[in-house]
Protein chains: 2
Amino acid sequence: MAVTLADIAARADLSESTVSRALSAPDKVNPATRERVLAIAKELGYVPNRVARSLSSGRTDLIGLVVPDIANPFFPPIIKAVQARAAIKGWTVLIADIDERAADELPLARTIRRRVDGLVIASPRTGADRLGELAQLAPVVFINREIPGSTSVIIDAGDGMGQAVEHLAALGHRTIAYLNGPRRSWSNEQRRHAVEQTAERLGLTLVQHGPFEPQVQSGVHAADLVLAGEATGVIAYDDLIALGVLARVAERGLRVGTDLSVIGVDDSPMSAMAYPTLTSVHVPGTEAGVTAVDTLLALIDEPDSGPGHVTLETQLVVRSSTGPVAAR
Amino acid sequence: MAVTLADIAARADLSESTVSRALSAPDKVNPATRERVLAIAKELGYVPNRVARSLSSGRTDLIGLVVPDIANPFFPPIIKAVQARAAIKGWTVLIADIDERAADELPLARTIRRRVDGLVIASPRTGADRLGELAQLAPVVFINREIPGSTSVIIDAGDGMGQAVEHLAALGHRTIAYLNGPRRSWSNEQRRHAVEQTAERLGLTLVQHGPFEPQVQSGVHAADLVLAGEATGVIAYDDLIALGVLARVAERGLRVGTDLSVIGVDDSPMSAMAYPTLTSVHVPGTEAGVTAVDTLLALIDEPDSGPGHVTLETQLVVRSSTGPVAAR
DNA sequence: CTGAAAGCGCTTACAG
DNA sequence: CTGAAAGCGCTTACAG
């Protein structure tokens with residue numbers, strides 16, 4: 001069986017209490033005693049039983065991460081960043097993938113919260129009121145969603161989306177299309193809004209399509225809708241949809257960047273590798289993940305600190321899928 | 001505070017023992033008693049404390065899943081399948097992403113094993129001997145790797161790779177290239193071997209490049225190597241590399257499927273959506289995930305059952321990236 | 001600085 | 001079928 005505190009205590013001729021302190025609160029113990037305990041612990045190959053520790057301490061040292069879809073390239077960088085950052089600080093991450101089933105999100109979050117000390121919920125698909133309630137029950141940090149009274153890390157698409165519209169305008173596009181993301185997506189509202197504002201300010205005509213699921217297939221479908229209209233430039237809710245547009249446009253024998261300019265959002269690895277390479281709005285997912293963990297751990301330590309808000313900026317990365325407007 | 005067994009016991013005027021049994025071993029209790037306990041539990045909103053349960057039962061109801069890289073499209077289907085299947089059976093999954101750092105794999109698996117009842121390790125990057133040792137310490141099921149004495153779910157690439165070579169031969173290709181995956185990858189050995197065998201049997205000349213990391217960028221690099229040689233058809237270790245080849249070939253102004261035929265492995269969603277669509281060897285990731293969970297749970301229940309082996313088959317899916325050989 | 005004791009919330013032989 | 005008791009392995013006031 002596994003080595004326990006009792007084993008070390010017996011060997012060191014000390015009480016379990018002292019051994020426990022030597023291991024988890026070294027400053028409350030005589031240095032010499034500590035050394036002896038540590039030596040024996042090492043010799044015996046002691047590894048603390050986390051379950052037992054959890055039961056008495058009330059802490060699990062686990063944080064939960066809820067994501068809409070791990071297969072969506074927007075999330076892996078966030079997931080990796082959360083895991084890496086958590087690991088550095090001695091925490092483990094429990095991931096829940098809701099597979100884009102919005103109705104599963106809240107139940108899953110509620111279940112998992114019983115196992116963890118706090119939650120990071122990325123791009124939640126649930127209504128703000130119910131998310132707010134959840135945040136009452138446990139330390140929660142939302143990524144990419146503002147919930148009144150709750151703590152969140154927001155990626156402000158405004159700058160990047162505005163730059164995208166300005167970029168198209170500068171290339172001579174007068175009518176542009178926006179391909180909406182999922183119906184109840186807060187990110188989509190934010191992105192759409194920024195596009196609308198900038199288009200209006202610059203006097204561009206804006207056409208909208210969707211909502212679309214963030215999948216390549218959606219873009220294939222959307223491409224035909226766009227090509228049936230007047231728009232010469234299109235901004236998609238995300239890179240996946242944009243990649244679908246690219247594929248379909250090429251398939252129809254038209255040239256991306258010439259016949260139709262396409263912009264995505266996320267700046268995912270694929271965007272740099274697509275053909276042609278995809279102009280995209282860079283979204284700092286890694287930074288968001290790191291910040292979310294730091295914020296959450298602070299919240300776990302001090303549950304009564306007020307709601308915090310961190311905002312990260314986005315920025316357009318110009319590649320080959322956008323070019324000067326040409327006659328259709 | 002949260003409702004405990006003691007609260008229910010007090011309210012029902014029963015002992016904690018009986019309440020515990022009513023909840024977790026209903027057949028060991030008087031049906032009427034059980035009903036009463038369940039009603040009160042529901043009324044009070046009782047949710048069992050899993051940490052406490054774990055400590056006394058010795059079970060965590062968690063299984064660990066170690067994957068090389070969640071951003072690699074091969075793994076999300078496996079991850080989702082594992083999570084879904086585990087959830088159905090009342091288990092939660094703890095995911096560890098090693099981010100392709102082979103050296104981190106074993107330490108991570110060892111750490112996480114302390115928190116779970118068993119492990120699924122997908123496409124391990126560690127040496128067989130050390131994996132075998134790990135399997136002595138805890139119930140482990142490997143996906144895509146045979147370890148002597150251990151249990152595994154193998155996706156046999158043989159059939160699919162053979163079909164891929166036959167497909168190219170049937171299209172008239174006489175010299176083909178194979179792009180190797182990671183150096184110590186067991187999957188790569190298996191795939192390469194099948195390609196070599198079939199090429200030899202059919203009298204084709206086989207050129208090899210690599211090893212390459214399973215990333216789009218690798219394929220971009222590999223494409224130039226292939227185009228500098230005689231091969232007219234290329235089989236990549238996976239879809240990501242194949243997609244990189246596609247992009248680079250197009251970028252160089254050549255036509256995929258005409259100037260160069262390209263085949264990937266994984267049949268990931270992108271392969272159906274790439275332009276042109278990618279001929280690929282379908283790998284049953286979802287099935288592998290489901291089977292791995294079932295196998296692991298059986299192993300957890302009966303640690304002494306001998307090592308099991310399940311083999312799943314692969315199959316070529318022909319799309320547009322392969323065509324009859326043309327003059328170079 | 002150290003020890004004895006109680007407790008975290010549940011499970012599970014052992015009696016009755 | 002039910003209850004009292006011990007135990008899972010650790011933490012943490014409380015004394016000394």
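First the proteins, then the strands, lettered A, B, ... as listed; each starts at 1.
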Asker: Considering residues at least two apart in sequence or located in another chain, which fulfil the side chain to side chain donor-acceptor pair (under 3.5 Å) criterion with Thr60(B)?
Answerer: Asp117(B)
Asker: Taking the nucleotide of DNA chain D with the closest heavy atom to each, which residue, Ser15(B) or Leu55(B), is nearer the 5' end?
Answerer: Ser15(B)
Asker: So, using side-chain contact (heavy atoms from CB on, under 4.5 Å) as the criterion, who are the partners of Ala109(A) when residues are at least two apart?
Answerer: Val66(A), Leu119(A), Ile121(A), Leu134(A)
Asker: Quick one: list whatever passes side chain to side chain donor-acceptor pair (under 3.5 Å) with Arg59(A), sequence neighbours left out.
Answerer: Asp301(A)
Asker: Give every residue pair that meets the side chain to side chain donor-acceptor pair (under 3.5 Å) criterion with at least one member in residues 98-109 of chain B, sequence neighbours excluded.
Answerer: Lys80(A)-Asp99(B), Asp99(B)-Arg101(B), Glu100(B)-Arg125(B), Arg101(B)-Asp104(B), Glu105(B)-Thr126(B)
Asker: Can you sort out the partners of Ser15(B) under side chain to side chain donor-acceptor pair (under 3.5 Å), two or more places apart, ordered by chain and number?
Answerer: Thr18(B)
Asker: Taking only distance into account, with no hydrogens and no angle test, what donor-acceptor pairs under 3.5 Å do side-chain atoms of residues 288-297 of chain A form with protein atoms, sequence neighbours excluded?
Answerer:
unit_1: Thr291(A); atom_1: OG1; unit_2: Glu287(A); atom_2: O; d: 2.7
unit_1: Asp294(A); atom_1: OD1; unit_2: Arg85(A); atom_2: NE; d: 2.8
unit_1: Asp294(A); atom_1: OD1; unit_2: Arg85(A); atom_2: NH2; d: 3.4
unit_1: Asp294(A); atom_1: OD1; unit_2: Lys89(A); atom_2: NZ; d: 3.2
unit_1: Asp294(A); atom_1: OD2; unit_2: Arg85(A); atom_2: NE; d: 3.3
unit_1: Asp294(A); atom_1: OD2; unit_2: Arg85(A); atom_2: NH2; d: 2.9
unit_1: Thr295(A); atom_1: OG1; unit_2: Thr291(A); atom_2: O; d: 2.6

Asker: Listed in order of residue number, which residues of residues 28-39 of chain A have a non-hydrogen atom at under 4.0 Å from DNA chain D?
Answerer: none
Asker: Could you run down nucleotides 11-16 of chain C 5' to 3' and tag each one B, S or - for protein heavy-atom contact under 4.0 Å?
Answerer: BBB---
Asker: Rounded off to whole Å, could you give me the CG-to-P distance for the Asn49(A) and dC8(C) pair?
Answerer: 18 Å
Asker: My validator wants the stems of DNA chain C: runs of 3 or more consecutive Watson-Crick or G-U pairs, both distances under 3.5 Å, written as range with range.
Answerer: C:1-3 with D:14-16, C:5-12 with D:5-12, C:14-16 with D:1-3
Asker: Any side-chain to backbone donor/acceptor pair from Asn144(B) onto Ser123(B)? Under 3.5 Å, distance only.
Answerer: no
Asker: Looking at residues at least two apart in the chain, or sitting in another chain, which of them share a side-chain contact (heavy atoms from CB on, under 4.5 Å) with Arg115(B)?
Answerer: Arg50(A), Asp61(A), Leu62(A), Thr92(A), Leu94(B)
Asker: Please name all residues satisfying side chain to side chain donor-acceptor pair (under 3.5 Å) with Asp156(A), sequence neighbours left out, ordered by chain then number.
Answerer: none
Asker: Keeping to residues at least two apart or across chains, list the side chain to side chain donor-acceptor pair (under 3.5 Å) pairs with something in residues 20-47 of chain A.
Answerer: Arg11(A)-Glu43(A)
